[in-house]
Amino acid sequence: MKTTSEIYDERLNDPGLRETAERLVMRAGVSAKYKGAHTLADTIILYGTDASHKFCTLYKIVAECRGLKFKTVMREIDYAITQSRELPVRLSVMIGTPIYEEDIHSGLVISYLGMMLKNPTISLYS
């Protein structure tokens, strides 16, 4: 029987999905200098490919695949998001609707960017 890592590693390491997710993260204003930017890209890939729409499950999958603790994944993502001062403005432009700084949280960012992952206008697959 396959482990969680074996099931999801292929998705998380797919070059096209990885590049698209990382572009989305940077386009949204999250700096790559934070570890959380990389784990955020992981959760976007999983959310966008319908691995799960439960955020706790996404964090657990990433934690197991990356050899991290569940809470570490959560903290890294939250830190990267809170340090990204331009995120509300950039994400608003990307999705075409206003998002206010007080409304920004990891679930919102993951869900919007995950839905955009395979959008034909930005995807490497189009």
Side-chain angles (χ1 to χ4, degrees):
M1 189 163 142
K2 288 185 175 186
T3 65
T4 302
S5 295
E6 293 169 334
I7 294 168
Y8 294 106
D9 267 348
E10 189 175 319
R11 251 182 247 196
L12 293 175
N13 294 309
D14 176 275
L17 289 173
R18 169 67 45 197
E19 185 174 346
T20 303
E22 288 176 353
R23 281 184 186 179
L24 286 169
V25 169
M26 288 186 287
R27 191 168 158 200
V30 179
S31 175
K33 70 181 180 182
Y34 303 115
K35 290 183 205 176
H38 305 289
T39 50
L40 177 60
D42 288 340
T43 58
I44 290 167
I45 290 168
L46 294 172
Y47 188 96
T49 60
D50 294 324
S52 177
H53 288 143
K54 294 181 179 179
F55 299 107
C56 288
T57 304
L58 294 174
Y59 299 146
K60 287 177 185 175
I61 293 169
V62 171
E64 186 171 327
C65 290
R66 300 297 181 215
L68 301 169
K69 293 180 181 179
F70 168 83
K71 287 190 176 187
T72 301
V73 171
M74 282 181 28
R75 277 193 301 269
E76 286 181 356
I77 291 172
D78 284 340
Y79 183 76
I81 287 172
T82 59
Q83 296 305 306
S84 304
R85 306 288 181 230
E86 297 178 21
L87 182 61
V89 173
R90 287 188 176 199
L91 190 57
S92 293
V93 169
M94 290 170 72
I95 65 170
T97 191
I99 296 179
Y100 304 101
E101 188 172 350
E102 60 271 10
D103 297 331
I104 292 288
H105 59 84
S106 58
L108 179 128
V109 175
I110 292 166
S111 60
Y112 275 125
L113 296 180
M115 287 187 286
M116 295 175 77
L117 183 68
K118 288 194 177 181
N119 181 319
T121 62
I122 58 170
S123 175
L124 298 175
Y125 299 109
S126 60

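Numbers here are sequence positions counted from 1. Below, all heavy atoms of this structure are taken into account, side chains as well, without hydrogens, waters or symmetry copies.
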Report the distance from atom SG of C65 to atom CG of L46, rounding to the nearest 0.5 Å. 7.0 Å

In the single-linkage hydrophobic clustering (I, L, V, M, F, W, Y; side-chain heavy atoms under 4.5 Å), do I95 and V89 co-cluster? no

In residues 67-76, what donor-acceptor pairs under 3.5 Å come from side-chain atoms, sequence neighbours left out?
none

Closest approach of H105 to D103 (non-hydrogen atoms, all atoms of both residues): CD2-O, 3.2 Å

At their closest point, which heavy atom of M26 faces which heavy atom of R90, and how far apart are they? O-NH1, 3.1 Å

With a 6.0 Å cut-off (strictly less than), is the heavy-atom count around CD of E6, excluding the residue itself, greater than 12? yes

What are the two closest heavy atoms between E22 and A41, and how far apart are they? CG-CB, 4.1 Å

About how many Å separate CD1 of I44 and CZ of R18, when rounded to the nearest 0.5 Å? 9.5 Å

Give the minimum heavy-atom separation between A28 and L113, together with the two atoms involved. CB-CD1, 4.2 Å

Using a cut-off of 6.0 Å, state whether more than 12 heavy atoms not belonging to E102 lie near its atom CD. yes

So CG of N13 and CG of D42: to nearest 0.5 Å the spacing works out to 8.0 Å

Which heavy-atom pair separates L117 from A21 by the least distance, and what is that distance? CD1-N, 3.9 Å

What's the separation between atom NE2 in H38 and atom CG in L12, rounded to the nearest 0.5 Å? 14.0 Å

hydrophobic_cluster_shared for V30 and L108, side chain cutoff 4.5 Å: yes

Donor-acceptor pair, distance only, cut-off 3.5 Å: does the side chain of R66 make one with the backbone of T39? no

Identify whether V93 and I99 are in the same connected component of the hydrophobic contact network (ILVMFWY, side-chain heavy atoms under 4.5 Å). no

Across all chains, not counting sequence neighbours, the salt bridge (Lys or Arg N to Asp or Glu O under 4.0 Å) partners of E64 are none

Report the hydrophobic cluster partners of Y79, with the cluster defined as I, L, V, M, F, W, Y residues connected by side-chain heavy atoms closer than 4.5 angstrom, directly or transitively. Y34

Once you round to the nearest 0.5 Å, how far does OG of S92 lie from OH of Y112? 9.0 Å

Shortest non-hydrogen contact from S84 to S31? OG-N, 4.1 Å

Mark yes or no for whether T20, through its side chain, and L17, through its backbone, hold a donor-acceptor pair below 3.5 Å. no

Find the distance between OH (Y8) and CG (L58) and round it off to the nearest 0.5 Å. 9.0 Å

